[in-house]
Amino acid sequence: MRLEIDYNQIREIDSTLNSLIKTQNIMKDGAICIDRYSCANLRVMWILKQNINYGYCNYSDQLKRNLDKVPSSPTWRRLAHASHGLLSGITDYENVKKHGYGECIDSLFSTAIVNVNKELGGPQSSDQSVHHGYEKYREIVSKQIHALAPDLVIVCMAGSNESMKPIVESIYKVYTGEPNFIIRGHSEPRSSDVAWSKSGDRTLLWAYHPSYTHITDSDYFTGLMNAYRVSGTLGISE
């Protein structure tokens, strides 16, 4: 059964983040466009490590003002392609690319992006800073997961890097209510190292961060699509 979005709690979270922006160096995250997210056939939540400061204090402004930079940014490019694949059901990477960045960015605007560390940083985040940030903002992250009621959570934290596993386990427990996180399987190609777990109709994928450049864009995309398909939650057609 699909969970209901809690708009009252979203407004409370936004108010909290807006207050923190005034006193701390943080980014306002969550649904990029709540209207598009709420109407999406699949509510996808991307959970990333830490914000990068592009001069704007929320993701919606960042994307709207930097659309021309999407193709050259591994993070935005991969999130846009994968979002379009998940929302459109097109699982072939070359076919998704043929749709162009306009449609892919539209799909990205229908997702949510949540960072475990709300504080702004650079493109490289140490494990220690990520863990410290999560402990500091854990309550807000938990509220965001509950309020936005995603159908699919994708935790992008270095594949099956054991140092990130405690955060992944914590997020899984918040998302599903289950006491234990168990990896049910890995997708192909193995170079993408996407693990999946499932509880009822809720699926969590554990993948590399989209800024990770030691695999191809094609493998990154295909790994996510295959992991979601084999999890059997809602199914994706070719």
Check [X] against [Y] and note the closest heavy-atom contact, atom names and distance.
| X | Y | value |
| --- | --- | --- |
| Ala227 | Val194 | CB-CG1, 3.4 Å |
| Leu108 | Ile32 | O-CD1, 3.3 Å |
| Tyr228 | Leu42 | OH-CD1, 3.4 Å |
| Arg43 | Leu148 | CD-O, 3.9 Å |
| Tyr175 | Asp151 | OH-O, 2.9 Å |
| Met45 | Pro150 | CB-CB, 3.8 Å |

Q) Going through the checks in order, is the side chain to side chain donor-acceptor pair (under 3.5 Å) test met by Trp46 and Ser83? A) CA-CA 9 Å; Trp46 299 97; Ser83 295; 3.1 Å; yes

Taking the side chain as C-beta and beyond, is there a heavy-atom pair between [X] and [Y] under 4.5 Å?
| X | Y | value |
| --- | --- | --- |
| Leu79 | Thr111 | no |
| Tyr172 | Ser199 | yes |
| Lys136 | Glu119 | yes |
| Leu48 | Pro210 | yes |
| His132 | Asn117 | no |
| Val114 | Ile145 | no |
| Tyr212 | Asp193 | no |
| Tyr134 | Ser170 | yes |

Calculate, to the nearest 0.5 Å, the distance between atoms [atom1] and [atom2] belonging to [X] and [Y] respectively.
| X | Y | atom1 | atom2 | answer |
| --- | --- | --- | --- | --- |
| His84 | Asn95 | NE2 | CG | 10.0 Å |
| Met27 | Leu20 | CE | CG | 13.5 Å |
| Asn8 | Ile13 | CG | CD1 | 11.0 Å |
| Lys118 | Ile26 | NZ | CD1 | 8.0 Å |

Q. In chain order, what residues pass the side-chain contact (heavy atoms from CB on, under 4.5 Å) check against Val130, with sequence neighbours excluded?
A.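 Lys49, Val116, Ser125, Met164, Ile167.
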
Q.
If the condition is side-chain contact (heavy atoms from CB on, under 4.5 Å), which residues does Lys173 pass it with, not counting sequence neighbours?
A.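 Residues passing side-chain contact (heavy atoms from CB on, under 4.5 Å) with Lys173: none at all.
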
Q: Could you state whether Ile47 and Ile183 fall into the same hydrophobic cluster, counting links through intermediate Ile, Leu, Val, Met, Phe, Trp or Tyr residues with side-chain heavy atoms under 4.5 angstrom apart?
A: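 Yes, same cluster.
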
Q: With sequence neighbours left out, write down each residue that passes ring-ring contact (aromatic ring centres under 6.0 Å, His included) with His81, or none if nothing qualifies.
A: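 Once residues adjacent in sequence are excluded, the partners of His81 under the ring-ring contact (aromatic ring centres under 6.0 Å, His included) criterion are Tyr93, Tyr101.
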
Q.
Among residues at least two apart in sequence or on other chains, which ones pass ring-ring contact (aromatic ring centres under 6.0 Å, His included) with His131?
A.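 ring-ring contact (aromatic ring centres under 6.0 Å, His included) check on His131 returns nothing, list empty.
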
Q: Name all residues meeting the salt bridge (charged side-chain N to carboxylate O under 4.0 Å, His left out) criterion together with Asp217; count only those two or more places apart in sequence or in a different chain, and write none if there are none.
A: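 Only Arg77, Arg78 meet the salt bridge (charged side-chain N to carboxylate O under 4.0 Å, His left out) criterion with Asp217.
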
Please check this pair: side chain of [X] against backbone of [Y], looking for a donor-acceptor N/O pair closer than 3.5 Å.
| X | Y | answer |
| --- | --- | --- |
| Ser211 | Thr75 | no |
| Lys198 | Ser231 | yes |
| Asn226 | Glu188 | yes |
| Ser15 | Arg11 | no |
| Asp29 | Asn115 | yes |

Q: Give a yes or no on whether a salt bridge exists between Glu139 and Lys143, defined as a side-chain N under 4.0 angstrom from a carboxylate O.
A: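 Counted as a salt bridge, because a side-chain N and a carboxylate O are separated by less than 4.0 Å.
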
Q | salt bridge (Lys or Arg N to Asp or Glu O under 4.0 Å) partners of residues 102-117, not counting sequence neighbours, each pair once | A |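 Those involving residues 102-117 are Arg36-Asp106.
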
